[in-house]
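Atoms within each ligand, like the ligands themselves, are counted from 1 in listed order.
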Amino acid sequence: MNTAQEQLWWRSAVIYQVYPRSFEDSNNDGVGDLNGIRKRLNHLVELGVDALWISPIYPSPMADFGYDISDYTDIHPIFGTLAEMEALIDEAHALQLRIILDLVPNHTSDQHPWFLESRSSRSNPKRDWYIWEDPRPDGGPPNNWLSVFGGGAWEWEEHTGQYYYHAFLKEQPDLNWRNPEVRAAMYDVMRFWLEKGVDGFRVDVMWHMIKDTRLRDNPVNPGYAPGQPTYNQLLPVYSTDQPEVHDIVAEMRDIMETFGNGKLLIGEVYLPLQDLVLYYGKNNEGAHLPFNFQLITLPWEARTIAACVDEYEGLLPADAWPNWVLGNHDNHRVASRTGIQQARVAAMLLFTLRGTPTVYYGDEIGMRSVAIPPEEVKDPQGLNMPGLHLSRDPARTPMQWDASPYAGFSGVRPWLPVERSWQRCNVAMQQDDPYSMLSLYKALIKLRKAEPALHAGQYDPVYADRGIMAFTRKMPGRHYFLIVLNMTHAPAWFVPAHFTFKGKVVCATIPEWTGVEVHNSIGMDGDLGLIIQLEQ
Ligand code: GLC
């Protein structure tokens, strides 16, 4: 990798998230695996994406479906072997696809040998690798911190008479990132995979990695309303987003740079924009892409989304590269958040905004979140807080490949049910249908790739009113585009006050609009999104 262009490959790339349990089951045990991913790489090539981020595939007791890791440098047998991972990396590279692994440095499994040692005695050399604290004089936990997955965040250990901290499940004890040995061990993990040729990491819960030295109580959240996750009762002021986290991120970045400049560091960070952008680091020496989840968390409303794009563009440090995410394994699918027609508009927005887009598997065929009966819920977040409907299973159901039983995902009953409508919502069927979601995704990705203005051009807002969001993308000497999105189901007129235009539709969520010539105002059908190439 030599040229600056190649080093910055991720700026013009489209990233695709694979949730490995649900992508393709090659050995008929009901759970997806690495050979399954390998078998389906051609789908990703045809879709036009450049990189796959694979959620954790390491040995794990699966208390949190792989986000509880008991060995960072091997593969869980349910997913395959290390040799199969190497084969996947090689085959992906041969197809010009890059591989991004999930790195989970905040916590291990309680079955990881490090934790088994750490919990064995107060004098064990690994005792300080985790966060152990004495009880308060009344025997209670050291502070009021709560677990994201419900209940308190401290687990009592009778045997050594101390509590340990877990931001997530008690089976996921938090590592102590103030201990240099922990840092060194995790950096070795990064090197292990970088040496195997992986192209980057998505760092799990990056903003959680280091906590207040004094472990002060978190303040009460005055905005808490019953029905919200119990974790929201407090503001996680002292348990997350500590200033020292940025030093760790910069150290991770340094490790990656020793493997050449083309390795990509992505951070999972759920924070308001002004705090999120700090994760780019001083002089952009932090994460290349701190994930921007605004399109998932904000209400689907034109003015709100347009204001957020402006705010984000305004807050980005000089030379920092933006990014946008439409879905992931922790949130309801876009088709269920916005409705299937608006999911087409959302796709057009994702691929026309400035910044690297990330697509969640299945969203390219419009898969919806699936209702899972309470007795079949698998996700610990759902099980721990029943009644709050927080299970993430609905967005993790098997990929729908074709109309055969179990949607071509597996020959046996999969670990989560397949969406009932799989026989008419699947890759095989949508492939040749010019009106399908898949055809729209392919067209959008192709256009974005072909047109420098769309992946790298300047973003200028035009209008956001009466349900319509509009903006232009331009780059000197290249085609100039106007994007107009009706983010409602009802017709609306696009008549911008201070912007005149003349051009031709080159892509539309309602394909019949393609080729239509437009001039200064447009009667926008409900759910219509247009990419218009302007006369200059
Ligand atoms: C991240 C993951 C989520 C996991 C949690 C704990 O938020 O995306 O799936 O449960 O971290 O590791």
Could you go step by step and tell me if Q162 and R127 meet the side chain to side chain donor-acceptor pair (under 3.5 Å) rule? CA-CA 11 Å; Q162 284 191 311; R127 184 64 170 183; 2.7 Å; yes

Quick one: which ligand 1 atoms are inside 4.0 Å of a heavy atom on [X]?
X    : value
H329 : 2 (C), 3 (C), 8 (O), 9 (O)
H107 : 6 (C), 12 (O)
V205 : 1 (C), 7 (O), 11 (O)
R392 : 3 (C), 4 (C), 9 (O), 10 (O)
R202 : 2 (C), 8 (O)

Give the single entry among V104, L169, D330, N331 that approaches atom 3 (C) of ligand 1 most closely by any heavy atom.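 Selected option, by shortest heavy-atom distance: D330.
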
For atom 5 (C) of ligand 1, which candidate among Y19, Y270, F168, F65 provides the closest heavy atom?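 Nearest heavy atom to atom 5 (C) of ligand 1 lies in F168.
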
Check whether any heavy atom of Q381 sits under 4.0 Å from an atom of ligand 1.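 Not so, Q381 does not reach ligand 1.
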
Is ligand 1 less than 4.0 angstrom away from at least one heavy atom of H208?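 No, H208 has no heavy atom closer than 4.0 Å to ligand 1.
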
Please list the nearest protein heavy atom to [atom] with its residue and the distance rounded to 0.1 Å.
atom                   : value
atom 7 (O) of ligand 1 : E268 OE2, 2.8 Å
atom 4 (C) of ligand 1 : D64 OD2, 3.3 Å
atom 1 (C) of ligand 1 : D204 OD1, 2.8 Å

Could you tell me whether [X] and [Y] have a side-chain N and a carboxylate O separated by less than 4.0 Å?
X    : Y    : result
D102 : R202 : yes
D363 : R333 : yes
R178 : E244 : yes

Start with the C-alpha distance between S239 and N218, add both sets of side-chain angles, then the distance that settles side chain to side chain donor-acceptor pair (under 3.5 Å), and finish with yes or no. CA-CA 7 Å; S239 51; N218 278 328; 3.1 Å; yes

Can you confirm whether the side chains of E133 and W154 place a donor and an acceptor under 3.5 Å from each other?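 Side chains of E133 and W154: no pair found under 3.5 Å.
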
Side chains of E419 and S421: donor-acceptor distance under 3.5 Å anywhere?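 Yes.
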
Angle class for the W145/Y165 ring planes (parallel below 30°, perpendicular above 60°, tilted otherwise)?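 Geometry flag for Y165 against W145: perpendicular rings.
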
Spatial distance of atom OG (S410) from atom CG (D29) [nearest 0.5 Å]: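 Here the interatomic distance stands at 7.0 Å.
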
Applying a 4.0 Å heavy-atom criterion (strictly less than), which segment of F149 is in contact with ligand 1: side chain, backbone, both, or neither?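 It is the side chain that gets close, since no backbone atom is under 4.0 Å.
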
Tell me the contacting part of R396 for ligand 1: side chain, backbone, both, or neither, using a 4.0 Å heavy-atom threshold, strictly below.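 Contact part for R396 vs ligand 1: side chain (C-beta onward).
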
